[in-house]
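Note that the coordinates shown come from a computational prediction; the quantities given were computed from them, not determined experimentally. Both ligands and their constituent atoms are indexed starting at 1 by order of listing. Side-chain atoms are counted along with the backbone in the values below, which use heavy atoms only and exclude waters and symmetry mates.
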Amino acid sequence: MNVTVPHDVVRRLRALGVVKTDEPLSRHTTFKTGGPADVLVVPSGVVPLGEIVRICAESGLPRTVIGGGSNLLVGDRGIRGITVCVSTDAFGRAVPVVEGDIVEVPASVRKDDFVSICAEKGLSGMEFMAGIPGCIGGGIVMNAGTVDGNFVDILDRIEFVDVRGEVKHRDVTPSMARYRHLDMEEGAIVTAGRFRLRRADDDGAVRRRIRELLDERAKKHPLDYPSAGSVFKNPEGHSSWKLVNDAGLKGHRIGGAMVSELHTNFIVNAGGARSADIRELIEFIREKVYITFGVMLEPEVRLVGEF
Ligand SMILES: Cc1cc2nc3c(=O)[nH]c(=O)nc-3n(C[C@H](O)[C@H](O)[C@H](O)COP(=O)(O)OP(=O)(O)OC[C@H]3O[C@@H](n4cnc5c(N)ncnc54)[C@H](O)[C@@H]3O)c2cc1C
């Protein structure tokens, strides 16, 4: 056991959600890698989450937040302290509430579920999210998106728990967003988002567009392998996949980690990869692209825990 969290803290957490000790994070990441969380807690709601934040602060234990784990590279030695998982239905309230063209969504809802529910209700504007894995909370924090749109384009307001465990709201404005980033209070945990969509003139057209986007993704992305999507942000004026491709790295392997042959901005777990293999490959690519083109790639994937 790797647990550094005192028993009385674990006992208090058990009253506030589902708690697992020494939980392999490879079960919670789309790379299917990552060592154990000392303690993983899925809060049973927003108020319990506030209490969990207070317990972490009082006990001085480190706290890490994960959503669907689709943009994370977790170290092979895992995460010390308390990992708060804002994902799955255990979080509660996991159903979007639709009123006219306004949709309130708990952070734990999967993006695909959000897209389907909105399409069923005849709403439009969220189609770009089709096929982006993970949860709404992770999408908000990352300002996730594609060439068709980003979270900030339709996000109106967020609900979050601050570092003192208080529930707060904040209106979202375009100036708060950058490429794969939304400005938020330090240490905030997003618990819900309010989205402003449009009533579709033609529901069938919305469903067709979603289908088209899913088909395009299935052709362009190596979905048969575990990955975390695009590994690097696109530098100004460049496409990362092209830089990696033109540096001759298509199919390059370190251990079980491989640059995808289908999309060279994806690193895939080609079988038995450790997070250390993936991290080493990331560093190798950055060095090779820098030496070849003078461009330093910045990872989009977030590295957490001990490697
Ligand atoms: C096959 C594939 C395709 C992808 N395609 C795209 C794409 O087209 N566009 C795109 O933008 N991304 C894409 N991604 C990356 C990823 O799906 C998105 O970034 C996604 O929004 C991350 O959500 P998540 O819930 O998985 O967050 P996680 O990966 O769990 O976390 C990401 C970050 O957000 C923080 N976080 C998560 N939830 C919360 C919360 N509730 N409160 C505070 N902080 C939180 C975490 O601490 C971490 O720093 C892809 C990934 C895969 C595997």
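- Ser87 and Arg110 share a side-chain donor-acceptor pair at under 3.5 Å.
- Per-residue contacts place Gly134 under 4.0 angstrom from the following atoms of ligand 1 (heavy atoms of the residue considered): 24 (P), 25 (O), 26 (O).
- Residue Arg217 has at least one nitrogen or oxygen atom sitting less than 3.5 Å from a nitrogen or oxygen atom of ligand 1, judged on distance alone.
- By the neighbour-count criterion of 12 heavy atoms within 6.0 Å, atom NZ of Lys242 is sparsely surrounded, having that number or fewer from other residues, nucleotides or ligands.
- The single protein non-hydrogen atom nearest to atom 27 (O) of ligand 1 is Gly138 CA, 3.6 Å, given as residue, atom name and distance.
- Considering both main-chain and side-chain atoms, Ala188 never comes within under 3.5 Å of ligand 1 through any nitrogen or oxygen pair.
- The Gly139 neighbourhood of ligand 1 comprises atoms 21 (O), 23 (O), with distances under 4.0 Å to a heavy atom of that residue.
- For residues 249-273, the set of pairs meeting the salt bridge (charged side-chain N to carboxylate O under 4.0 Å, His left out) definition, not counting sequence neighbours, is empty.
- Shown here for Ile154 and Gly125, the closest heavy-atom pair between the two residues is CG2-O, 3.7 Å.
- Checked against a 3.5 angstrom limit, the closest N/O atoms of Gly68 and ligand 1 fall inside it.
- Within the listing of ligand 1, atoms 7 (C), 8 (O), 9 (N), 10 (C), 11 (O) sit less than 4.0 angstrom from a heavy atom of Gly145.
- A 6.0 Å sphere centred on OH of Tyr225 holds no more than 12 heavy atoms belonging to other residues, nucleotides or ligands.
- Scanning all protein heavy atoms for the shortest distance to atom 28 (P) of ligand 1 gives Gly69 N, 3.6 Å.
- Considering backbone and side-chain N/O atoms, Thr30 never comes within less than 3.5 Å of an N/O atom of ligand 1.
- The pair Asp101-Arg198 fails the salt-bridge criterion, with no side-chain N (NZ, NE, NH1 or NH2) lying under 4.0 Å from an Asp/Glu carboxylate O.
- Ranking protein heavy atoms by distance to atom 17 (O) of ligand 1, first place goes to Ser70 OG, 2.7 Å.
- For atom 20 (C) of ligand 1, the closest non-hydrogen atom of the protein is Lys111 NZ, 3.2 Å.
- For ligand 1, the polar-atom distance check against Asn71 finds a nitrogen or oxygen pair separated by under 3.5 Å.
- With hydrogens and angles ignored, the 3.5 Å screen pairs a side-chain donor or acceptor of Arg199 with a backbone N or O of Gly100.
- Evaluation of the side-chain hydrogen bond (donor to acceptor under 3.5 Å, both in side chains) test over residues 284-300, restricted to residues two or more places apart or in two chains, returns Lys233-Glu298.
- Between Arg164 and Asp162 a salt bridge is recorded (basic side-chain N to carboxylate O distance below 4.0 Å).
- Taking all atoms of both residues into account, the shortest heavy-atom contact from Lys219 to Leu262 is O-CD2, 3.6 Å.
- Checking only distances, Val141 never comes within under 3.5 Å of ligand 1, N or O to N or O.
- Closest protein heavy atom to atom 42 (N) of ligand 1: Val190 N, 2.9 Å.
- Remark: minimum distance from atom 12 (N) of ligand 1 to any protein heavy atom is reached at Ile132 CG2, 3.9 Å.
- Ranking the protein heavy atoms by distance from atom 52 (C) of ligand 1 puts Gly229 N, 3.3 Å first.
- Heavy atoms only, all atoms of each residue included: Asn234 and Tyr179 are closest at N-OH, 3.0 Å.
- Here's the thing with Arg180: one of its N/O atoms is less than 3.5 angstrom from an N/O atom of ligand 1.
- Closest to atom 47 (O) of ligand 1, if we only count protein heavy atoms, is Val65 O, 2.6 Å.
- In summary, Arg12 and Asp8 do not engage in a salt bridge, as defined by a charged side-chain N under 4.0 Å from a carboxylate O.
- The aromatic rings of Phe284 and His252 sit parallel to each other, their planes meeting at less than 30°, with 60° as the upper class boundary.
- Using a 4.0 Å cutoff on heavy atoms, His28 does not count as a contact of ligand 1.
- Where the criterion is an N or O separation shorter than 3.5 Å, residue side chain and backbone included, Cys135 meets it with respect to ligand 1.
- At least one N or O atom of Gly67 sits closer than 3.5 Å to an N or O atom of ligand 1.
- Polar contact with ligand 1: present for Pro133 (N/O pair, distance under 3.5 Å).
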